[in-house]
Novice: 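Let me give you the structure first, and then I'll get to my questions.
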Amino acid sequence: MTAGYQGTRRFALSIALLAALGLARPAFAQQATDAVAPEIATAISERTAVTASKYMIASANPHASKAGYDVLERGGNAIDAMVAVQLVLGLVEPQSSGLGGGAFLVYFDADGQRLTTYDGRETAPRAATPTLFLNEEGQPLKFFDAVVGGRSVGTPGTVKLLYDTHKAHGKLPWNSLMQPAIDLAQEGFEVSERLFSSISADLERLGVHDATRSYFIAGDGTPHPQGILLKNLAYAKTLQKIAEGGSNAFYSGPIAQAMVDAVRGAGDNPGVLALEDLASYQIVERPPVCITYRTYDVCGMGPPSSGALTVGQILGLLEPFDIAAGGPQSVRNWRLIGDASRLAFADRGRYMADSDFVPMPTRGLLDKAYLADRSRLLDGDVALTGDQVAPGSPPWDHARLQADDESIELPSTSHFSIVDGQGNVVSMTTTIENSFGSRVMTNGFLLNNELTDFSFATHRDGIPIANRVEPGKRPRSSMSPTIIMKDGKPFMAIGSPGGSRIIGYVASAIIATIDWGMDVQQAINLPHLVNRFGTYDLEKGTDAETFAAPLEALGYKVSIRDLNSGLHAIEWDGTALRGGADPRREGVVLGD
Ligand code: GLU
């Protein structure tokens, strides 16, 4: 069976924006931006892939891509560019990521021909206990009651990740990489349509804490209009201190004290972050989690992220099936992808959390024999029933005494991919969790609400939940920064924001590339169909809607909704680099 899939979309090009940045020249090719509301609305424009021969960056904001491009142009490497990009994103896209958040980096080091990952995830403060998100009656708090304030703030990891990986792999002086963001913060940047919409949709919550309100909201209570110049002198000062003092200037001293004061003094919802939590924060280098899919090795971030394991399970469950035939028009293919995803999410909910704290069958979850056996569940012709979608029994499982989890994730976050002239590759997903994080701001940056990625409930029927809060633990993530290898060489870097739908966005884009032969931009443009827990989400305003009736006929519930990914990816075709930026956001690809 096939459904209409013509890819007709709304179209808009922001040449004016690129021209303002001095970027509207052919080497950069054109990228489009279009109206987008805060992590929700999805206006899609047609885009074509950008090609280059030496280096490339794809990120969610033109200023950030430009900062990274400039670093690469003056001889910096991918890690140098990563630092500049992240610091600019923290200024111009403050709702999504920044100094007060956490990140995962998947990195290919060309010198050593080595793939590795760095975990800069936020951690639960030492004083956080499993009942952090329960009320006095022992019931889970309402999501936003937990989010807004100090309670949800984990020890931030991004600054340490930037600093330590730059120390290990960077080339240009650390302090020079702060400059683009410092200049932009001092001179002011134009409030983008996306930032304006994000503020407009969140006025009430942004108004709770004084420092946050006075930065994001004008004196008359309205959001700063789109296009006005916004300066952030406090952010510039913070970066100057980090430029001089490295990450110590952030994790100790006055900035650290200000974070602790802001968290502990956050009105009627204080948190427990302490100076010792900041002083002892460490990033963790971890081996990549990889699965072989067709002739490729798909590698990404293991626990505490569920990203690479769940993307890997989806691909592993699909491996026995020919899904090249029929392409994205095939309803059968979407049945297979949707039910593979539901099975993977069932294992995710039971087993996946911070494996430094709970026993996890990490190897077993991607065991080929286990996945081949489980994929037989997909042999039928109709949707699996709810009863059929239960967690499996992966080998090396020491986690039998765990209950299914109850975490809530709402999408924010940002992903960027970078390739430098030496062949180093950065695939980084970076977050403060919810849009504007905890809404608590200090020294020009927002603090994350990452702790709400833990399960609020601690037990189910007396059985502990793997992703419960524990002191020093890292909340389970869905972030899926990925590097795909082919014959031992990097083939693609990709990732996305989108809460736990990240997993579906990334898995589908990989399938579109590997099975359906699309280039990176076509794969990103493809309308989204995502199934995590049974309901098939179909991307509103796109041809994905035409799958509603055929999928319902197979037994799925469907929901037509905005699916606001932010896929930013780069691929190699042997000689050239090709980059794609998600038309659902404001990003651009720049290369040379
Ligand atoms: N906090 C989420 C996670 O780590 C990411 C949220 C998002 O992408 O929107 O999985």
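Scope of the values below: all heavy atoms of this structure, side chains included, with no hydrogens, waters or symmetry mates.
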Novice: Rounded at 0.5 Å granularity, tell me how far CD in Glu433 sits from CG in Leu446.
Specialist: 13.0 Å

Novice: Please name all residues satisfying salt bridge (charged side-chain N to carboxylate O under 4.0 Å, His left out) with Asp347, sequence neighbours left out, ordered by chain then number.
Specialist: Arg374

Novice: When you look at Arg205 and Asp202, which way does the side chain to side chain contact (heavy atoms under 4.5 Å, CB included) test go after all the steps?
Specialist: CA-CA 6 Å; Arg205 287 188 278 263; Asp202 203 52; 2.9 Å; yes

Novice: More than 12 heavy atoms of other residues, nucleotides or ligands under 6.0 Å from NZ of Lys167: yes or no?
Specialist: no

Novice: Show, in sequence, the C-alpha distance, side-chain angles and deciding distance for Asp80 and His166, and conclude whether the side-chain hydrogen bond (donor to acceptor under 3.5 Å, both in side chains) test is met.
Specialist: CA-CA 7 Å; Asp80 297 327; His166 176 266; 3.3 Å; yes

Novice: Determine yes or no for a side-chain-to-main-chain donor-acceptor pair under 3.5 angstrom, with Ser176 supplying the side chain and Pro173 the backbone.
Specialist: yes

Novice: Please state whether the rings of Phe456 and Phe143 are parallel, tilted or perpendicular, taking 30° and 60° as the class boundaries.
Specialist: parallel

Novice: Go through the structure and list residues passing salt bridge (charged side-chain N to carboxylate O under 4.0 Å, His left out) with Arg151, not counting sequence neighbours.
Specialist: none

Novice: Between Asp210 and Arg213 (salt bridge meaning N to carboxylate O under 4.0 Å), is one present in this structure?
Specialist: yes

Novice: I want to check something: taking the side chain as every heavy atom from C-beta on, are Thr238 and Ile255 in contact at a cut-off of under 4.5 Å?
Specialist: yes

Novice: Assess whether side chain to side chain contact (heavy atoms under 4.5 Å, CB included) is satisfied between Asn467 and Met352, documenting all intermediate values.
Specialist: CA-CA 7 Å; Asn467 188 32; Met352 298 183 202; over 6 Å; no

Novice: Are Phe250 and Met259 packed together at the side-chain level, in the sense that at least one heavy-atom pair is separated by less than 4.5 angstrom?
Specialist: yes

Novice: Taking Asn269 for the side chain and Val148 for the main chain, is one N or O donor matched with an acceptor at less than 3.5 Å?
Specialist: yes

Novice: Only counting residues at least two apart or in another chain, list the ones meeting ring pair (Phe, Tyr, Trp, His ring centres under 6.0 Å) with Tyr370.
Specialist: none

Novice: Give every residue pair that meets the salt bridge (Lys or Arg N to Asp or Glu O under 4.0 Å) criterion with at least one member in residues 113-126, sequence neighbours excluded.
Specialist: Arg114-Glu285, Asp119-Arg286, Asp119-Arg474, Arg121-Glu450, Arg121-Asp453, Arg126-Asp277

Novice: Residues two or more places apart in sequence or in another chain: which of them pass ring pair (Phe, Tyr, Trp, His ring centres under 6.0 Å) with Phe357?
Specialist: none

Novice: Would you say the side-chain atoms of Ser59 pair up with the backbone N or O of Ala64, donor to acceptor, closer than 3.5 Å?
Specialist: no

Novice: Determine the minimum heavy-atom distance between Asn434 and Phe144, stating which atoms define it.
Specialist: OD1-CE2, 3.3 Å

Novice: State whether the side chain of Thr158 and the backbone N or O of Gly102 hold a donor-acceptor pair below 3.5 Å, judged by distance alone.
Specialist: yes

Novice: Check whether any side-chain N or O of Ser247 sits under 3.5 Å from a backbone N or O of Lys160 as a donor-acceptor pair, and report yes or no.
Specialist: no

Novice: Once you round to the nearest 0.5 Å, how far does CD of Gln86 lie from CG of Leu91?
Specialist: 11.5 Å

Novice: Would you say the side-chain atoms of Ser417 and His415 include a donor-acceptor pair closer than 3.5 Å?
Specialist: yes

Novice: Donor-acceptor pair, distance only, cut-off 3.5 Å: does the side chain of Arg468 make one with the backbone of Ile465?
Specialist: yes

Novice: Can you sort out the partners of Tyr235 under side-chain hydrogen bond (donor to acceptor under 3.5 Å, both in side chains), two or more places apart, ordered by chain and number?
Specialist: none

Novice: Does the side chain of Ile418 reach to within under 4.5 Å of the side chain of Val425, using non-hydrogen atoms?
Specialist: no

Novice: For the side-chain hydrogen bond (donor to acceptor under 3.5 Å, both in side chains) test, which of Ser478, Ser500, Ser341 pairs with Arg532?
Specialist: Ser500

Novice: If the plane angle is over 60° it's perpendicular, under 30° parallel, otherwise tilted; pick one for Phe533 and Phe345.
Specialist: perpendicular

Novice: Return the minimal non-hydrogen interatomic distance between Asn449 and Gly437, and the atom names on each side.
Specialist: OD1-CA, 3.3 Å

Novice: Within this structure, what is the CG-CD distance for the pair Leu89 and Gln95, rounded to the nearest 0.5 Å?
Specialist: 9.5 Å

Novice: Can you name the nearest heavy-atom pair linking Pro125 to Leu451, along with the distance?
Specialist: CD-CD1, 3.7 Å

Novice: Is it true that a side-chain atom of Gln113 and a backbone atom of Ala110 form a donor plus acceptor pair closer than 3.5 Å?
Specialist: yes

Novice: Compute whether any side-chain donor of one residue and acceptor of the other, for Thr129 and Thr131, lie under 3.5 angstrom apart.
Specialist: yes

Novice: How far does CZ of Arg439 sit from CD1 of Ile432, to the nearest 0.5 angstrom?
Specialist: 8.0 Å

Novice: Tell me whether the rings of Phe436 and Phe216 are parallel (<30°), tilted (30 to 60°) or perpendicular (>60°).
Specialist: perpendicular

Novice: In Å and rounded to the nearest 0.5 Å, what is the OG1 to CD1 distance from Thr482 to Ile510?
Specialist: 5.0 Å

Novice: Could you check if a side-chain atom of Leu309 sits within less than 4.5 angstrom of a side-chain atom of Arg348, using non-hydrogen atoms only?
Specialist: no

Novice: Asn424 versus Phe108: any side-chain heavy-atom pair under 4.5 Å?
Specialist: no

Novice: Going through the checks in order, is the side chain to side chain contact (heavy atoms under 4.5 Å, CB included) test met by Glu244 and Asn175?
Specialist: CA-CA 7 Å; Glu244 287 152 24; Asn175 56 6; over 6 Å; no

Novice: Verify side chain to side chain contact (heavy atoms under 4.5 Å, CB included) between Lys473 and Thr123, making sure each step is shown before the conclusion.
Specialist: CA-CA 5 Å; Lys473 190 174 175 182; Thr123 57; over 6 Å; no

Novice: In terms of relative ring orientation, are Tyr118 and His169 parallel, tilted or perpendicular, with 30° and 60° separating the classes?
Specialist: perpendicular

Novice: Should the pair Arg476 and Phe454 be classed as cation-pi, given the thresholds of under 6.0 Å to the six-membered ring centre and 45° from the axis?
Specialist: no

Novice: Counting distance only, does the side-chain N/O of Asn248 pair as donor-acceptor with the main-chain N or O of Gly245 below 3.5 Å?
Specialist: no

Novice: With the side chain counted from C-beta on, respond yes when Met428 and Leu162 share a heavy-atom pair under 4.5 Å apart, and no when they do not.
Specialist: yes

Novice: Side chains of His528 and Ser565: donor-acceptor distance under 3.5 Å anywhere?
Specialist: yes

Novice: Roughly how far, to the nearest 0.5 Å, is OG1 of Thr429 from CD1 of Ile494?
Specialist: 10.0 Å

Novice: What pair of heavy atoms forms the shortest contact from Ser65 to Ala58, and how long is it?
Specialist: OG-C, 4.4 Å

Novice: Quick one, Asn448 and Thr431 - any side-chain contact, counting heavy atoms below 4.5 Å?
Specialist: no

Novice: Which atom names give the shortest non-hydrogen contact between Thr117 and Pro287, and what distance separates them?
Specialist: OG1-O, 4.1 Å

Novice: Do Val426 and Ile79 come close enough that some side-chain heavy atom pair is under 4.5 Å?
Specialist: yes

Novice: Closest approach of Leu161 and Ala103, non-hydrogen atoms and distance?
Specialist: CD1-O, 3.7 Å

Novice: Would you confirm whether Tyr107, through its side chain, and Thr165, through its main-chain N or O, come within 3.5 Å as a donor-acceptor pair?
Specialist: no

